[in-house]
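Report on the structure given below.
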Amino acid sequence: MTYHPKSDFMRVMIERGFLADCTDYQSLDEALVEGVVPAYIGFDATAKSLHVGSLIQIMMLRWLQKTGHKPITLMGGGTTKVGDPSFRADERPLLTPDQIDDNIAGIKKVFANYIDYDAENDSKAVMINNAEWLDDLNYLDFLRDIGRHFSVNRMLSFESVKSRLDREQSLSFLEFNYMILQAYDFLELNRRYGCLLQMGGSDQWGNIVNGIDLTRRVLDNQIFGLTSPLLTTSDGKKMGKSLSGAIWLNSDMLSSYEFWQFWRNTTDADVGRFLKLYTELPLEECERLGALEGSDINDAKIVLANEVTKLAHGEEAAKAAEATAREVFEKGGTGDDLPTISLTAQDIGDGISIVQLIVKAGLVKSGKEAKRLISENGARVNDAPLEDAGMMVSTDDLELPMKLSAGKKRHALVRLDG
RNA sequence: GGAGGAGUGCCCGAGUGGCUAAAGGGGGCGGACUGUAAAUCCGCUGGCUAUGCCUACGUUGGUUCGAAUCCAACCUCCUCCA
């Protein structure tokens, strides 16, 4: 960007790599200088927790608040009933209202760690559910008041739905309405809360622009949109997957240790970028750490893991995760923070096969995979290669916690409970 | 409503009566190399109480000793027409 912003928020967004595009850099910048700007990001409730793919959005709201503005976290209680088709190859399964409520409850937990909803100033954040205005819409009124502002011709031209239209997959009318509902959200947030800005990933650009147009037409208000880059790791993978699935932000969905490990395993080339996006370390520090060469950059990865985990799960959790990681990887020992399963004597009975234990410990999905792992010499028990796939484990073997390993990186503890 | 095309394993995609748990690729997992990195190379990749059994090629039935493969009906999607 050649634009030199006057506002702290825009400056941070640009310097730290959050900015992919903005509908009007200069006007938005001026609004940010003039006063408190309420800005929102919407989160659909498709799972019980958000994952690291949404973390960049959360960090944007956090910076927004830190630079003196007002974050609005919009929970998509209404829009989730429709499902966002943007850049998706197929239709999502519809969630029931109960599932959606459950998911919202889970997602809410994580925001409190990043955003202050109790601030006693103009930057106090608010959390709103768009079900508030979407659930009770009257179809005909909505079509007449809002629908008339949308051109189907134009809607069909959006990149976000193009792949669906071009290819053999259908786009249901239900999903097609998503962009109208999201546009309407922006309008309502402007009307009700004076919201001036919507942020989101660059895949949301079309939806955001629609909201801006709609608000201008209906209320004659100028509002703004700002998008973050769609994050992939430098080796071209989507952000947020790792060894065993999605990287959830909620600690009840993914342990702090595993969360920490995800960041510790960042690809070299991403370290500097991630430090800027996902931590609040000074820029120079991010750059210095990201520029470390060879094995020195491992120290930077530890800093990254500590900082991100601290924000998400708290300082204690970060410390415990680091301690366990050091114990496990540097000394080849064990640590309390490793994923642990507890078995009762009853579970074990006369003995349980090692194959079953490996499955129960969550290191593999099936007994067959466990056997494969063993035959490939990837399984270890207390750090000794496991050769006998038929090995039985008795309660006596679990006097001390047993450490099971799958490959070099994945470990779990098995304890006897009670 | 009419005509034509399509529906395969986590994904893409070959197969068009037995040799098919189904080529190839991607992804994933394990190994080597390293730095708990990347790239590269090698191997594995449906499940189970396992010399056998179960599940699987849109769904349901049928033909056959035998079907992903043939037939019928249905469902869904795509393209064109109304």
Side-chain angles (χ1 to χ4, degrees), chain A residues 85 88-91 93 161-176 232-247 257-275 289-306 309 321-335 337-339 349-356 358-359 361-380 383 385-387 389-390 392 404-412:
Chain A
R88 287 186 61 92
D90 45 23
E91 192 165 352
V161 296
K162 249 193 164 156
S163 59
R164 279 283 274 284
L165 297 172
D166 291 349
R167 294 175 84 229
E168 67 282 18
Q169 295 294 333
S170 82
L171 178 70
S172 70
F173 184 66
L174 173 74
E175 294 174 282
F176 190 51
T232 51
T233 57
S234 60
D235 42 326
K237 288 170 191 150
K238 257 194 203 151
M239 191 68 196
K241 298 276 171 165
S242 117
L243 296 171
S244 34
I247 305 302
Y257 168 79
E258 289 168 288
F259 186 77
W260 193 94
Q261 276 296 312
F262 169 77
W263 296 99
R264 170 62 184 81
N265 282 309
T266 298
T267 304
D268 286 10
D270 292 328
V271 172
R273 194 160 55 111
F274 285 5
L275 281 164
L289 287 168
L292 291 174
E293 300 272 340
S295 59
D296 288 344
I297 203 168
N298 284 333
D299 296 334
K301 293 181 188 181
I302 290 170
V303 172
L304 174 66
N306 280 337
T309 308
E322 184 189 0
T324 289
R326 284 194 189 279
E327 191 62 39
V328 171
F329 287 96
E330 291 172 21
K331 298 178 190 159
T334 68
D337 234 24
L338 287 178
D350 295 336
I352 182 170
S353 75
I354 192 68
V355 168
Q356 283 309 308
I358 293 172
V359 175
L363 293 171
V364 295
K365 293 195 199 80
S366 68
K368 199 174 177 183
E369 267 187 59
K371 283 173 186 163
R372 192 182 304 138
L373 185 72
I374 294 165
S375 71
E376 287 171 331
N377 292 319
R380 275 166 296 136
D383 295 306
L386 174 65
E387 279 157 23
M392 296 299 284
L404 295 176
S405 309
K408 287 179 177 156
K409 287 195 196 173
R410 294 152 57 227
H411 309 279

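Residue numbers start from 1 in every chain, and the chains themselves are labelled A, B, ... in the order their sequence lines are given, proteins ahead of strands. For the numbers below, each heavy atom of this structure counts, side chains included, while hydrogens, waters and symmetry mates do not.
A/Glu387 pairs by the side-chain contact (heavy atoms from CB on, under 4.5 Å) definition with nothing, not counting sequence neighbours. Considering only residues two or more places apart in sequence or on other chains, A/Glu327 meets the salt bridge (charged side-chain N to carboxylate O under 4.0 Å, His left out) condition with A/Lys331. Annotation: side-chain contact (heavy atoms from CB on, under 4.5 Å) contacts of A/Ala406 (sequence neighbours excluded): A/Leu363, A/Leu373, A/Arg410. Not counting sequence neighbours, the partners of A/Arg273 by the side chain to side chain donor-acceptor pair (under 3.5 Å) test are A/Asp270. Under the rule for a side chain to side chain donor-acceptor pair (under 3.5 Å), A/Thr309 has no partner lying at least two apart in sequence or in another chain.
With rounding to whole Å, A/Phe173 atom CZ is found 20 Å from B/rU76 atom C1'. Atom NZ in A/Lys408 sits about 10 Å away from atom P in B/rU34, given to the nearest Å. In this structure, A/Arg326 places its CZ atom 12 Å from C1' of B/rU36, rounding to the nearest Å. At whole-Å resolution of the value, CG in A/Leu386 and P in B/rG30 are 15 Å apart. As a whole-Å value, the separation of A/Asp296 CG from B/rG35 P is 12 Å. The CD1 atom of A/Ile352 sits 11 Å away from the P atom of B/rU49 (whole-angstrom rounding). For the pair A/Ile358 CD1 and B/rC29 P, the interatomic distance rounds to 16 Å; values are reported in whole Å. Rounded to whole Å, atom C1' of B/rU49 lies 12 Å from atom CE of A/Met392.
Residue pairs meeting the salt bridge (Lys or Arg N to Asp or Glu O under 4.0 Å) criterion with at least one partner in residues 364-373 of chain A, sequence neighbours excluded, are absent.
Residue contacts shown for A/Glu293 are absent, as no nucleic acid heavy atom lies under 4.0 Å away. At the heavy-atom level, A/Gly294 lies under 4.0 Å from base atoms of the strands shown.
Only the C1' atoms considered, B/rA23 is 31 Å distant from B/rC74, to the nearest whole Å. Taking atom C1' on both nucleotides, B/rC57 is separated from B/rA3 by 27 Å, rounded to a whole Å. Distance check on atom P: B/rA22 versus B/rU76 gives 33 Å, rounded to whole Å. Comparing the P positions of B/rU8 and B/rG13 gives an interatomic distance of 8 Å, to the nearest angstrom. A gap of 16 Å separates the P atoms of B/rU69 and B/rU64, to the nearest Å. Rounded to whole Å, the separation between the P atoms of B/rA39 and B/rG27 comes to 9 Å. As rounded to the nearest Å, B/rU59 and B/rA50 have C1' atoms that lie 31 Å from one another. Rounded to whole Å, the separation between the P atoms of B/rG25 and B/rA14 comes to 15 Å.
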* Nucleic acid footprint by protein, nucleotides 37-44 of chain B - heavy-atom cut-off 4.0 Å, B for base, S for sugar-phosphate alone -> BSS---BS
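For the pair A/Leu275 and A/Gly290, the tightest heavy-atom approach, listed with the atom from each and the gap, is CD1-N, 4.4 Å. Contact record, A/Gln356 with A/Ile352: CB-CG1, 3.9 Å, taken as the closest heavy-atom pair. Considering all non-hydrogen atoms of both residues, A/Ser353 and A/Met392 come closest at CA-SD, 3.6 Å.
For the atom pair A/Phe329 CZ and A/Lys409 NZ, the distance stands at 7.5 Å (nearest 0.5 Å).
Comparing atom distances between the A/Phe329 side chain and each of B/rG47, B/rU36, B/rU34 picks out B/rU36 as nearest.
With the nearest nucleotide of RNA chain B identified for both A/Leu373 and A/Val359, A/Leu373 has the one nearer the 5' end. In terms of position along RNA chain B, the nucleotide closest to A/Ala406 lies nearer the 5' end than the nucleotide closest to the other residue of the pair A/Trp260 and A/Ala406.
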Check nucleotides 50-53 of chain B against the protein and report each pair of N or O atoms closer than 3.5 Å, with its distance, or say if there are none.
{"from": "B/rA50", "atom 1": "N6", "to": "A/Lys371", "atom 2": "NZ", "distance (Å)": "2.9"}

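Aromatic ring centres of A/Tyr257 and A/His411 lie farther apart than the 6.0 Å criterion allows.
Within 3.5 Å, no donor on the side chain of A/Glu330 pairs with an acceptor on the base of B/rU36, nor the reverse.
Using bins of under 30°, 30° to 60° and over 60° for the plane-to-plane angle, the ring pair A/Phe176/A/Phe173 lands in the tilted bin.
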* Asked: How does RNA chain B look in dot-bracket notation if pairs are Watson-Crick or G-U with both distances under 3.5 Å, crossing ones as [ ], other-strand ones as |?
  -> ((((((((.[[[..)..(.....]]]((((((.......))))))(((...)))...[[[[[..)....]]]]]))))))).
Hey, can you pull the donor-acceptor pairs under 3.5 Å for the side chains in residues 291-306 of chain A, sequence neighbours left out?
{"from": "A/Asn298", "atom 1": "ND2", "to": "A/Ser295", "atom 2": "O", "distance (Å)": "3.4"}
{"from": "A/Lys301", "atom 1": "NZ", "to": "A/Thr266", "atom 2": "O", "distance (Å)": "2.8"}
{"from": "A/Lys301", "atom 1": "NZ", "to": "A/Asp268", "atom 2": "OD1", "distance (Å)": "2.7"}
{"from": "A/Asn306", "atom 1": "OD1", "to": "A/Trp260", "atom 2": "NE1", "distance (Å)": "2.8"}
{"from": "A/Asn306", "atom 1": "ND2", "to": "A/Ile302", "atom 2": "O", "distance (Å)": "3.4"}
{"from": "A/Asn306", "atom 1": "ND2", "to": "A/Glu322", "atom 2": "OE1", "distance (Å)": "3.0"}

